[in-house]
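Note that these values count all heavy atoms, side chains included, but never hydrogens, waters or copies made by symmetry. Just so you know, ligand 1 is whichever comes first in the structure, and atom 1 is the first atom listed for that ligand.
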Amino acid sequence: MKALITGGAGFIGSHLAETLLARGDRVAVLDNLSTGSMQNIAGLKRLPGFEYIVDDVLNQRVLAEMVDDADVVYHLAAAVGVKLVVESPVRTIETNLKGTEVVLEAAAKKRKKVLLTSTSEVYGKGAKIPFGEDDDLLIGPSNKGRWSYACSKLMDEFLAIAYWKERKLPVVVVRLFNTVGPRQTGRYGMVIPNFVRQALTNKPITIYGTGKQQRAFGYVGDVVGALMALMDAENTNGEVFNVGNEVEISIEDLAKLVKQMTGSASELVYVPYDEAYEAGFEDMQRRVPDLNKVRKWISYQPSHQLRDILEKVIEYERAR
Ligand code: UDP
């Protein structure tokens, strides 16, 4: 089996590549290193069955060749991180829309199954907790940059499902909830690498807003296991799945936990959203996946809870 991973030098993509190689699959990575890095795949470069090309998914000639050469396509290449999305909306929208369009088109020509990673952002400001795959979606207005990300990924979902319905291209859509673990960069605002780095350097830990907002964090190792199982299962075509963890923590409590686990002298500071992101920024208070569907289709049981994950991230960041 040979898998193409677009965005394979990113945080989740590199873990996926590693796990596929470990079970004996061959892996080709296509990544433009916009948010991914060579460091993430440094350990894989010498492994037999691994290859990578530094290029953009929008380079259709290269992409088509790589799709031809693979059995399945994991499409992870996308603009990620709320900070990046707010700061570079044009790039976000274009990368997400055009990238998915060309990947689906190339895969459809050769009938290669595609797994599209979408995001829990598509649930927007939905208040019915937990979020189920068939729920209505409540996206904010178009003058708030954050929502362009949700909408672009949602269009990707529509397009993927349309390809399945109309062209019989096997596709499965996965909505990833907050996914964390070693190698995630704090550069694009993600909270856990940010807090851990701040704590380890005794800098202020920056809690945005009131800190009462809650998140549920999934371990990257569990997430890539689910991606592989959903790709391998034959009855997942045309389906959408939530993947993540259901156990919530408030961001304020997360900051305290990180401080305690690192033995840090950092103070906790509260930064208004306007300063952290942009004027009028809207955050969601809670975001919890309903995991019943994914559990019905594959055996999915998160192996790592928050403390174990934080231990791994702290160890990784200390080693850096
Ligand atoms: N956050 C924070 N401090 C930071 C980075 C993020 O308080 O340094 C908050 C952010 O506003 C959000 C939560 O942590 O409420 C999770 O942020 P992240 O960007 O990791 O993921 P999101 O859930 O926003 O996609």
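- Listed by first then second residue, pairs satisfying ring-ring contact (aromatic ring centres under 6.0 Å, His included) with a partner in residues 199-225 read Y208-Y277, Y219-H304, not counting sequence neighbours.
- Remark: E121 engages R287 in a salt bridge, criterion side-chain N to carboxylate O under 4.0 Å.
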* Show your working on salt bridge (charged side-chain N to carboxylate O under 4.0 Å, His left out) between R295 and E246 and close with a plain yes or no. => CA-CA 13 Å; R295 286 200 182 109; E246 299 146 309; 3.0 Å; yes
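- Near ligand 1, residues V82, E121, R146, N178, G189, M190, V191, N194, F195, T206, I207, Y208, Q213, R215, I251, Y273, Y277, D283, R287 each place a heavy atom inside the 4.0 Å sphere around the ligand atoms.
- For K212 and D283, the salt-bridge test fails: no basic side-chain N is under 4.0 Å from an acidic carboxylate O.
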* To do: For the pair K112 and D71, evaluate salt bridge (charged side-chain N to carboxylate O under 4.0 Å, His left out) and give the outcome as yes or no after the intermediate values.
  => CA-CA 6 Å; K112 302 287 169 75; D71 299 301; 5.8 Å; no
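- Look at K144 and E278 and you find no salt bridge, because none of the NZ, NE, NH1 or NH2 atoms lies under 4.0 Å from a carboxylate O.
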